[in-house]
Amino acid sequence: MEQKIAEIIAEICGAGAEEIEPELQLFEEGLLDSFAAIQLVLALEAAFGVSLDMAGLPRERIATPAAIAELIRERRE
């Protein structure tokens, strides 16, 4: 799952998947802005078959690849 998340982030941000570390601060490093965050959520929903309500999703839940993986695991349960 973590590799797929890294691939999705890399595609949206224009980075290499190998550059996406689990604790990388996506917003602080300038890889995600509000538009890219929406793209990310939509891509995650499609890739993992989960529903993520962007309006009720705190920014910190998608701030790092590790946080995203935790969120996906929770939503799959």
Locate the shortest heavy-atom distance separating I20 from P65; write the atom from each residue and the value. CG2-CG, 3.5 Å
Shortest non-hydrogen contact from A17 toward A6: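 Scanning both residues, the minimum pair turns out to be O-CB, 4.1 Å.
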Flag side-chain contact, heavy atom, 4.5 Å: I68 against I9: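 They are in side-chain contact.
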Quick one: are I62 and L52 in side-chain contact, heavy atoms under 4.5 Å?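 I62 vs L52: side chains apart.
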Could you list all the salt bridge (Lys or Arg N to Asp or Glu O under 4.0 Å) pairs where at least one residue sits in residues 1-18, not counting sequence neighbours?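 Only E2-R73 qualify under salt bridge (Lys or Arg N to Asp or Glu O under 4.0 Å).
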Hey, could you give me each pair passing salt bridge (Lys or Arg N to Asp or Glu O under 4.0 Å) that has a residue in residues 36-65? Not counting sequence neighbours. R61-E74
Please tabulate, one pair per line, all N/O donor-acceptor pairs under 3.5 Å involving side-chain atoms of residues 24-38, not counting sequence neighbours.
residue: D33; atom: OD1; partner: F35; partner atom: N; Å: 3.2
residue: D33; atom: OD1; partner: A36; partner atom: N; Å: 2.8

Under 3.5 Å: donor-acceptor pair, side chain of R75, backbone of S51: yes
Can you measure from CD (Q3) to CD1 (I8) and round to the nearest 0.5 angstrom? 10.5 Å
